[in-house]
2 protein chains.
Amino acid sequence: MDPSTNEDGVGLAFALLASAARMAERIDEGVARRGFSGLRPTHGFAFAYLAPAGGTVTGLAAHLGVTKQAAAQLVDELEAKGYVRRGPHPRDARARLVELTEAGRACTRAAEEAAAEAAGAWSEAIGADRMALLRRDLERMAEGGPIRPTW
Amino acid sequence: MDPSTNEDGVGLAFALLASAARMAERIDEGVARRGFSGLRPTHGFAFAYLAPAGGTVTGLAAHLGVTKQAAAQLVDELEAKGYVRRGPHPRDARARLVELTEAGRACTRAAEEAAAEAAGAWSEAIGADRMALLRRDLERMAEGGPIRPTW
DNA sequence: CCCTGATGGTCAAGCGCCTTGACCATTGCG
DNA sequence: CGCAATGGTCAAGGCGCTTGACCATCAGGG
C-alpha cells in the first residue's frame, strides 16, 4: 500500500479521535458548569436513549454496547441521583420501565445546551455551511453499532 | 437559547462521537487482523508518540493525559510484548529512553494501514475531496489537549 | 561547591467501571 | 401445557486508572 495514502488515513483518524475527545470534554464541562456534577459522558448517552419514551435496562445495554449488568448499575446510579425512576412495564411483567424524572429532563436540556455551545464555537471557526456538511458526513460514518466508544 | 439550535449541536456531537467510536473499532479490528492482538487504541496513541524518536514515560503520560504511573504500566505491558525497549537516556541519568523495537515499528505500520483502510472506505462513501475538507476541519477542532479521550 | 527545589521514575494500595457466571421470573411460541 | 427465550438481579473478579509516598538525579542560586 502506498505510504502517503497511509499518512492521510492516519491524519484523519487522529483528527477524528482527538476532536471527539475535545467535544466530549467540552460537553462534560458545560454540563458541570450548569450545575449537574458527577456525570460522565456515558450518562449522556443513556439520557439520549431514555429521553423519548423511557426504556428497559436491556435496551439501554444494547444501545450503549455494554452488558446488562453494567447498564443496570448505571441506572442504579442515575436513580440514586434522582435523574431516572424505575416503574412497572406496561406490557411486560418481567421488565421495568426506566424513565427520566424532571431532574433528568433538566439535565438532558443542559447537555443539549452544552453540546450546542461546543458546536457553536466550532461553527464559528469553520463556518456554518461547512458545519452542515460535516455533520452529514459524520452521520454517514457513524451508522451501525452502539454509541458508546470502546477505547 | 433556541431549541432548534440545540438540536443541531446535539446531532453534530453525537455524529462526531459515534463516528470516532466506529473509527476506533475499525482500526482496532484491522490491527488485530494483521496479527497484532491484545492491543487497545491507547497503545496506538503511545506508538504514535514513541515512533519518531522514542520518549520518556513522563512525556508519554503527558501525551496521553494520564498519570505517569499509568504510562509506566502501559510501557511495562508493551515491553513484555516486545514492542518497546527501555534503555538509558543519553542526557539524563534519571530518565529512561523508551523506544520502539522492530516489532513495534511493524505494529505501527499495521495501525497506519488499518487507519488508511478505514479512512479509504469512508472516502469512497463521501468522496475524496470532502475527505480532505473533513480532515482539515477536524484538525482544527482537535487542537490542544491530550490525545486520549476521557470517557 | 553544596544545598534545595524540581523532575523522572517506581512501589503500594485502592477504586471505578466493566466483565463473566449463575440464577430467578415471566413470556410467548410450538 | 412445556420449554426455550428474554428481562432482570446477585455475586465475584479483573483491568486500567488514580492517589500517595518515596528514591535518584538534575539544575540553579547562595
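Order of the sequence lines fixes the chain letters, A, B, ..., with proteins taken first and strands second; residue numbering starts at 1 for each chain. Excluded from the calculations below are hydrogen atoms, water molecules and symmetry mates; all remaining heavy atoms, backbone and side chain alike, are included.
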- Message: Check this for me: B/Arg86, atom CZ, are more than 12 non-hydrogen atoms of other residues, nucleotides or ligands nearer than 6.0 Å?
- Response: yes

Looking at [N], I'd like to know if its phosphate oxygens (OP1 or OP2) sit under 4.0 Å from a side-chain N or O belonging to [X].
X       : N      : answer
B/Arg86 : C/dT10 : yes
A/Arg40 : C/dG16 : no
B/Thr67 : D/dT18 : yes

In this structure, how many angstroms lie between the [atom2] atom of [N] and the [atom1] atom of [X], rounded?
X       : N      : atom1 : atom2 : result
A/Leu78 : C/dG16 : CG    : C1'   : 15 Å
A/Gln73 : D/dT9  : CD    : P     : 12 Å
A/Leu74 : C/dT19 : CG    : C1'   : 15 Å
B/Arg96 : D/dT25 : CZ    : P     : 13 Å
B/His89 : D/dA27 : NE2   : P     : 11 Å
B/Leu64 : D/dC17 : CG    : P     : 8 Å
A/Leu39 : C/dC17 : CG    : C1'   : 15 Å
B/Asp76 : D/dC15 : CG    : C1'   : 14 Å

Which residues pass the side chain to side chain donor-acceptor pair (under 3.5 Å) test with [X], not counting sequence neighbours?
X        : value
B/Glu29  : B/Arg33
B/Arg105 : B/Glu102
B/Glu99  : none

- Query: Are B/Arg85 and B/Glu79 within salt-bridge range, i.e. N to O under 4.0 Å?
  - Reply: no

- Between C/dG9, D/dT9, D/dT19, which one does the side chain of A/Gln69 approach most closely? D/dT9

- Sugar-phosphate only, base, or nothing, as touched by B/Ala70 at under 4.0 Å among non-hydrogen atoms: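 Base contact.
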
Is there a side-chain contact between [X] and [Y], using heavy atoms and a 4.5 Å cut-off?
X        : Y        : value
A/Leu134 : A/Arg130 : no
A/Met131 : A/Ile126 : yes
B/Thr56  : B/Val98  : no

- Which residues within residues 52-59 of chain A lie with some heavy atom under 4.0 Å of an atom in DNA chain D? A/Thr56, A/Val57, A/Thr58

- With sequence neighbours excluded, give me every ring pair (Phe, Tyr, Trp, His ring centres under 6.0 Å) pair touching residues 64-101 of chain A. A/Phe47-A/Tyr83

- Item | B/S/- contact track for nucleotides 23-30 of chain C, protein heavy atom under 4.0 Å | --BBS---

